[in-house]
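Worksheet for the structure shown next.
None of the values given here were measured: they were computed from a predicted structure. Values reported hereafter were calculated over all heavy atoms of this structure, with side chains retained and with hydrogens, waters and symmetry mates removed. Every chain is numbered from 1 and lettered A, B, ... according to where its sequence line falls, protein lines coming before strand lines.
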Amino acid sequence: MSAPRDYELDELLRDAPLPDPPPLGDLLERELASLGPATPRNPRRDAGLVIGVSLVYAAALLAVLRLRRDLDGLPVGWMIAYSAAWFAGFASLAWIAIVPAPGAMMPRWRMAGVGAAIAATMFIAGGMLLHESTPLSVSYGLANLHRGHWCLEIGVATAIVPATVGALVLRGVLPVGSRWAAAGLGAAGGSLGGLVLHLHCPIADGWHLGIVHGGVVAVSALIAALLAPRRMSP
Amino acid sequence: MSADAIRLMERYVDGDATAFRALYALLAPKLLGYLSKMTRERAVADDLLQQTFLKVHRAREAWVRGADPTPWIYAIAHRTFLDEARRKQRAVVGVAKGDDLPEVKADLDGTAEGAAEPVPDLERTRAAMAALESLPPQQREAVVLTKLDGKSIAEAAAIAGTTPGAMKVRAHRGYVALRKALGASDEAAGPSASSDDGGKP
């Protein structure tokens with residue numbers, strides 16, 4: 001006989017008898033004995049919860065930190081466009097990381113991870129290339145890039161809430177891809193952190209806006225990818 | 001199967017334990033087949049099957065109404081297998097013993113029970129299973145999911161946590177290796193029967 005053709009191999013594999021499974025184990029039987037109704041996940045409601053709670057938290061944080069002092073002199077179009085970009089990054093990444101495709105149960109974790117990488121790259125590049133300033137803006141220059149640690153801390157502190165609440169609503173949902181989804185949630189939180197910084201921080205260097213404000217997205221995504229997955233896997 | 005699984009999951013989540021048993025009866029044979037192929041040891045596969053369904057039970061609130069739970073349950077089985085393999089620090093357990101194919105009951109004349117239809121070539125199927133077990137774990141998983149369990153490439157990729165492209169490559173390589181191994185074993189069993197030596201001396 002020769003090596004089987006594809007259709008012969010298909011038939012051989014298809015004909016393989018299935019093993020008889022063992023009866024349910026004692027532990028499972030005990031848990032089933034006290035089975036009660038459970039509330040299944042509602043992904044759209046969960047995403048709304050994450051987005052809503054995160055926005056309230058970010059607004060509270062911004063109220064404490066205060067708005068940037070050079071706000072009045074900045075071009076309105078630039079302020080709105082940049083704010084919209086940060087918000088879109090936050091909301092879209094949170095949505096993708098939490099809401100599955102129709103008929104599916106697991107969210108689009110790969111898309112969330114790839115989206116995190118794209119968002120981080122775009123916000124870093126956008127910050128470096130598209131910055132505006134007024135006489136009230138602060139300019140430190142590249143030599144003082146290290147002054148960005150305060151902004152990094154604010155941004156990551158903002159990201160904690162969306163990433164944590166997102167991980168909680170996704171607990172038990174992702175046996176695979178949890179790290180990717182967590183990166184998406186972290187990047188969503190980082191984008192919200194970027195929005196808070198955009199409205200708070202008067203430093204107008206391209207390097208600061210790119211590396212620090214944009215970098216918040218990357219740092220938050222990495223931290224979330226390292227810490228969150230354990231909660232999200234069943 | 002997916003409509004049945006959705007309906008059973010719906011009842012199970014609403015608190016019907018018999019629906020869980022029915023879901024187990026529906027999915028456990030294929031899942032056990034998958035886990036047996038991956039672990040290559042029936043006792044371990046049985047244990048992982050129990051762990052898989054225990055995780056399903058404890059995470060049942062993760063289900064979304066109207067969604068097919070099958071890929072999620074397979075993905076839990078995949079994760080459970082990986083965790084076990086990592087825990088034991090070995091991805092492959094034991095060697096192929098050929099004891100994971102259930103015995104087919106035979107009548108006194110030696111024909112398989114209920115074999116009114118053409119009987120599959122059991123020896124060849126056993127050889128295919130043995131060859132399957134010699135594949136690297138990722139290729140084995142790809143062949144089991146796409147050929148034995150009839151999953152699409154996209155479904156298999158979602159279960160294994162990889163890209164459809166990578167799954168397609170694994171399945172193709174696994175299939176090629178399987179054909180090669182089966183051809184070699186056939187020739188070793190009976191070289192004179194080989195039909196592709198095309199007049200070689």
Residue [X] versus chain A: region with a heavy atom under 4.5 Å:
X	answer
B:Thr163	both
B:Val144	neither
B:Tyr24	side chain
B:Ile159	backbone
B:Ile76	both
B:Asp47	neither

With the threshold set at 4.0 Å, does a side-chain nitrogen-carboxylate oxygen contact exist between B:Arg58 and A:Glu31? yes
Using a cut-off of 6.0 Å, state whether more than 12 heavy atoms not belonging to A:Arg171 lie near its atom CZ.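 For A:Arg171, atom CZ is not crowded (no more than 12 foreign heavy atoms under 6.0 Å).
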Got more than 12 heavy atoms from elsewhere within 6.0 Å of CZ, A:Arg44? no
Just so I understand: if I count every heavy-atom pair under 4.5 Å between each of [options] and chain B, which residue has the most?
options	result
A:Pro40, A:Ala33, A:Gly36	A:Pro40
A:Leu174, A:Leu27, A:Leu28, A:Thr39	A:Leu28
A:Pro100, A:Pro22, A:Pro234	A:Pro22
A:Ala38, A:Gly103, A:Ala104	A:Ala38
A:Pro102, A:Gly172, A:Pro21, A:Ser233	A:Pro21

Under 4.5 Å heavy-atom distance to chain B, tell me which part of [X] shows up: side chain, backbone, both or neither.
X	value
A:Met106	side chain
A:Trp109	side chain
A:Pro107	neither
A:Pro43	side chain

Flag, side chain of [X] to backbone of [Y], donor-acceptor distance under 3.5 Å:
X	Y	answer
B:Gln50	A:Gly25	yes
B:Trp63	A:Arg41	no
A:Arg110	B:Ala158	no
B:Arg79	A:Pro175	yes

Taking atom [atom1] of [X] and atom [atom2] of [Y], what is their separation to the nearest 0.5 Å?
X	Y	atom1	atom2	value
A:Leu18	B:Asp149	CG	CG	7.5 Å
B:Phe53	A:Leu24	CZ	CG	8.5 Å
B:His57	A:Leu35	NE2	CG	6.0 Å
A:Met105	B:Ile73	CE	CD1	7.5 Å

Name the option with the most non-hydrogen atom pairs under 4.5 Å to chain A; the candidates are B:Ala28, B:Ala59, B:Ala75. B:Ala75
Quick one, B:Arg21 with A:Leu32, criterion side chain to side chain contact (heavy atoms under 4.5 Å, CB included). Give me CA distance, side-chain angles, the key distance, then yes/no. CA-CA 9 Å; B:Arg21 293 177 199 286; A:Leu32 278 180; 4.2 Å; yes
